[in-house]
Amino acid sequence: MHFTSEQRLDNGVLVREFTLGEIPGTLWTPESAEPVPLILMAHNNGLPKREPRLVARARYTASCGHAVATIDAAGCGDRPRSAADEQARAELRRAVQASEPTDDIFESFIGPLVEKAAPEWRTTLDALLALPEIGGPVGYSGWAAVGIRLAAVEPRIAAAGLFAGGYVPRAQREEARQVTIPLLLLLQWDDEGNPRQRALDLFDAFGSKEKTLHANMGGHTGTPWFEVEGGGRFFTRHLK
């Protein structure tokens with residue numbers, strides 16, 4: 001892991017950009033005399049790590065005493081896109097504009113993205129836990145599809161807060177039954193691009209004995225800020 005820049009924010013949080021092989025990422029760490037828990041934070045469907053909503057969540061979560069890390073998935077953010085990536089995105093835009101069904105396109109696009117992203121997150125986790133300022137346990141926040149895969153295969157993840165606003169491939173809907181860690185799922189009740197019943201079915205599928213569903217009125221990007229604060233309390237309960 002190679003740090004390429006750093007900035008100290010007014011609240012004492014240190015923000016550092018890093019590269020790990022081909023993987024670019026950002027790490028937020030609070031001021032602390034002891035190693036702190038870690039939260040892996042991903043935006044839905046591989047949106048870039050610099051996306052303002054993700055940055056705001058990361059800064060707040062770090063101010064609560066957790067280290068927060070995010071990376072750009074392959075073909076997203078600062079990483080080059082393949083011809084297949086470009087074709088899939090173009091086909092998705094065309095289908096949305098034409099009001100055509102998009103599930104099959106999402107399967108062909110999001111499924112491979114999850115398959116590539118999960119191993120990179122585990123590699124990043126290895127490197128982060130080697131840093132003296134980061135201890136454990138580890139949480140995951142954000143993109144549901146990758147969170148499900150990681151929670152199913154990565155025993156170091158102790159709790160997860162997931163957003164129901166992104167497409168979850170069929171494979172991850174099945175994997176949800178293997179997820180048994182404490183879980184918080186956020187749902188926007190009027191999310192025009194994500195069927196409500198599918199999110200409710202996903203919540204029902206999780207194997208966790210401790211799982212909570214928070215549903216709020218509003219569209220896709222309308223998640224209220226108090227849910228970010230509530231997520232901070234959720235992780236404090238389970239990671240400290």
Side-chain angles (χ1 to χ4, degrees), residues 39-47 51 53-54 56-57 61 73 88 92 95-96 99-115 117-118 121 138-154 157-239:
I39 297 175
L40 306 178
M41 189 171 287
H43 209 331
N44 275 347
N45 299 342
L47 288 176
E51 208 282 335
R53 286 175 295 159
L54 184 147
R57 286 167 46 215
T61 304
L92 181 60
V96 170
S99 299
E100 296 176 356
T102 57
D103 279 9
D104 288 344
I105 299 173
F106 271 122
E107 279 290 331
S108 65
F109 174 46
I110 302 298
L113 197 58
V114 171
E115 294 295 331
W121 273 110
V138 179
Y140 174 91
S141 174
W143 183 10
V146 165
I148 293 168
R149 166 57 57 85
L150 288 176
V153 303
E154 178 49 75
I157 294 181
L162 306 177
F163 289 91
Y167 183 82
V168 177
R170 299 181 188 98
Q172 276 65 64
R173 286 180 239 165
E174 286 298 317
E175 283 182 319
R177 305 179 191 283
Q178 305 172 32
V179 175
T180 59
I181 59 176
L183 181 73
L184 173 64
L185 184 68
L186 300 182
L187 168 63
Q188 285 302 103
W189 201 246
D190 307 303
D191 190 339
E192 61 283 356
N194 296 282
R196 182 187 307 162
Q197 189 59 52
R198 183 178 294 169
L200 296 175
D201 291 343
L202 177 65
F203 179 75
D204 190 52
F206 283 111
S208 304
K209 292 182 179 179
E210 181 180 340
K211 56 181 179 179
T212 302
L213 174 68
H214 285 184
N216 290 281
M217 303 302 290
H220 183 69
T221 61
T223 303
W225 182 256
F226 64 72
E227 291 291 6
V228 177
E229 297 171 340
R233 292 189 292 271
F234 167 80
F235 285 116
T236 295
R237 287 198 306 273
H238 295 291
L239 302 184

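Hydrogens, waters and symmetry mates are skipped; everything else that's a heavy atom, side chains included, is used.
- Considering all non-hydrogen atoms of both residues, V228 and R57 come closest at CG2-CG, 3.9 Å.
- In this structure, F226 and N216 have side chains that are in contact, with non-hydrogen atoms separated by less than 4.5 Å.
- Across all their heavy atoms, A42 and L54 have their closest contact at C-CD1, 4.0 Å.
- In the model, R53 has no side-chain atom that pairs as donor or acceptor with a side-chain atom of T221 under 3.5 Å.
- With rounding to the nearest 0.5 angstrom, the CG atom of L183 is 11.5 Å from the OH atom of Y140.
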Which side-chain N or O atoms in residues 232-239 pair as donor and acceptor under 3.5 Å with protein atoms at least two apart or in another chain?
from	atom 1	to	atom 2	distance (Å)
T236	OG1	G232	O	2.9
H238	NE2	E210	OE2	3.0

Given side-chain contact (heavy atoms from CB on, under 4.5 Å), test W121 with I157 step by step and report yes or no.
-> CA-CA 11 Å; W121 273 110; I157 294 181; over 6 Å; no
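- Using a 4.5 Å heavy-atom threshold, the side chains of Y167 and E107 count as touching.
- Take E175 and apply the salt bridge (Lys or Arg N to Asp or Glu O under 4.0 Å) test, not counting sequence neighbours, and it matches R149.
- Remark: R198 pairs with D103 by the side chain to side chain donor-acceptor pair (under 3.5 Å) rule, at least two apart or across chains.
- Considering CZ of F109 and CG of D104, their distance stands at 15.0 Å, rounded to 0.5 Å.
- Within the 4.5 Å cutoff, the side chain of F163 has no heavy atoms near those of the N194 side chain.
- When every heavy atom of D191 is checked against every heavy atom of G165, the shortest pair comes out as OD2-CA, 3.6 Å.
- Atom CD in Q172 sits 11.5 Å away from atom CZ in R170 (nearest 0.5 Å).
- Remark: D201 pairs with Q197 by the side chain to side chain contact (heavy atoms under 4.5 Å, CB included) rule, at least two apart or across chains.
- A salt bridge (Lys or Arg N to Asp or Glu O under 4.0 Å) check over residues 176-187, counting only residues at least two apart or in different chains, returns the pairs E174-R177.
- Nearest approach of L162 to G147, heavy atoms of both residues: CD2-CA, 4.1 Å.
- Remark: A56 pairs with W225 by the side chain to side chain contact (heavy atoms under 4.5 Å, CB included) rule, at least two apart or across chains.
- Of all non-hydrogen atoms in H220 and T223, the two that sit nearest each other are O-OG1, 4.4 Å.
- No side-chain heavy atom of L185 sits less than 4.5 Å from a side-chain heavy atom of K211.
- Across all their heavy atoms, P169 and I110 have their closest contact at CG-CG2, 3.7 Å.
- When L213, V179, T180, I181 are each tested for a side-chain contact (heavy atoms from CB on, under 4.5 Å) with F206, only one passes: V179.
- Under the 4.5 Å side-chain criterion, counting only non-hydrogen atoms from C-beta, D190 is in contact with M217.
- Between I148 and V114, the closest side-chain pair of non-hydrogen atoms is not below 4.5 Å.
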